[in-house]
Structures are given as C-alpha cells and as structure tokens.
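Written out below as structure tokens is the structure these notes cover.
We count residues from 1, following the sequence as given. One-based numbering, in listed order, for ligands and for the atoms of each.
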Amino acid sequence: MSQSSAIVVLLGGRLAVDFANAPSYPGAPYHDLSWEEFVAFLEASRIVSAERGTQLLTLSESDPKAAFAVLSRAVRLRDALRKAFGALVRNERVSRECSEPINEVLRITEGHDELVQEDGRWKLEFIAREGGLDWLLAAVARSAAEILVEGAEARIRRCANPGCELFFCDKSRTHRRRWCSMAICGNRQKVASFARRRG
Ligand SMILES: [Zn+2]
C-alpha cells in the first residue's frame with residue numbers, strides 16, 4: 001500500500017459508507033476529494049491493487065480529461081451518498097434525486113465478476129465490459145444500492161462527536177455504537193466530559 005492510502009480510514013463497515021466518508025478521518029470535517037485521495041481510497045478498499053493504483057496516479061498527468069471525468073462522477077456519487085445516508089440517520093425518506101448518481105454508475109458499468117488470486121488468496125474482481133474508468137465506481141454504487149434497499153435495517157449512523165462527519169454502519173450486537181472510532185472520537189468525548197466535571 002502506498003503512503004497516501006495509509007491515511008484512508010475504513011471504519012464505515014460497508015464499502016459505500018466508507019466512500020461517503022472519503023477522504024475524511026475521525027474528528028475532522030469532510031472536504032473535497034482530490035484525485036490522489038480517490039486513488040488512495042480505491043487502493044485501501046482493495047478495489048484496485050497497489051500496482052494499478054500507482055498507474056492510476058499518473059493518469060491525472062497522462063490523461064487529465066479521463067481522470068477529471070471519473071473524479072467528477074465520483075464526487076457526485078459521494079455527495080449523493082452523504083445526502084442519502086444523512087436522511088437514513090434522521091429516519092427520513094431518501095429523495096429520488098439521491099438515487100440518480102447511483103443508477104448512473106450502475107447503468108454504465110456492465111460487466112461480470114471473475115475469480116483472481118492475490119497473495120495466495122482468492123477474491124472476486126469485477127471485469128468491466130467497456131474500457132473507460134467508470135467501472136472503478138461500480139462496486140461502490142452496488143453497495144450503495146443495497147443499503148438504500150435495506151433502508152433502516154442497514155443501521156446507518158453518524159458519529160456522535162459533533163466535530164466529526166463520519167458515517168458508519170452499526171453492526172454491534174447491542175446496536176448502540178456511537179462513535180466512528182472509539183479510540184479517537186469516543187475517547188476525545190470522554191476526556192472532554194471529564195474536564196468539564198473537574199472544571
Ligand atoms: Zn467520529
């Protein structure tokens with residue numbers, strides 16, 4: 001894994017949730033997605049291999065138009081996911097317009113899965129029928145579609161730290177997970193309330 005992908009945090013519990021959070025980390029507000037951060041996410045979530053990631057990184061110089069096109073689609077998808085998950089967190093209906101960027105990717109990414117071996121282990125890899133780069137978003141769009149179909153059952157939550165904008169999927173047995181990261185946001189909150197009590 002390259003150095004840039006090491007800072008990508010995957011704690012959402014599902015691919016589309018992680019993508020909605022990208023490129024943020026616990027306790028920080030989310031910001032725009034750069035090409036480098038997008039590639040780092042693809043690597044960290046194993047959508048592409050480290051080798052492919054390195055190739056993709058050079059694309060912003062070798063074919064900036066293609067890189068820009070897929071990055072714009074990625075940002076549109078991510079923003080729609082944040083909106084949709086925000087609605088799920090508030091128990092509101094997810095608007096139809098949130099589904100458009102998801103459907104857009106589902107529509108253009110026809111292909112099939114294939115077994116490939118990586119580091120001696122088998123994994124399923126998506127093989128796109130068309131060349132292009134939009135297939136990079138196919139797995140994210142599928143994961144997002146599944147979450148929207150599940151609705152409230154997907155248990156999408158938002159971190160209880162007001163300074164943090166990360167979503168996660170509550171898979172805890174008691175369904176009471178409050179923090180994206182206990183070690184970072186949970187702990188910060190504990191320290192703050194301890195200081196308040198002492199102050
Ligand atoms: Zn957090």
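Through direct or indirect side-chain contacts shorter than 4.5 Å among Ile, Leu, Val, Met, Phe, Trp and Tyr, L124 is connected to L115, W122.
Remark: R157 is not positioned above the aromatic ring of F168, lacking an NZ or CZ atom under 6.0 angstrom from the ring centre and at most 45 degrees off the axis. In this structure, R78 is not positioned above the aromatic face of F19 in the sense of NZ or CZ being under 6.0 Å from the six-membered ring centre and within 45° of the axis.
Checked by atom type, the side-chain pair T58/E61 shows no donor-acceptor distance below 3.5 Å.
Counting all heavy atoms, side chain and backbone alike, A144 lies closest to L81 at CB-CD2, 3.4 Å. Residues L137 and V70 approach most closely at CD1-O, 4.1 Å, considering heavy atoms.
Around the Zn ion (ligand 1), the protein N, O or S atoms found under 2.8 Å comprise C159 SG, C164 SG, C180 SG, C185 SG.
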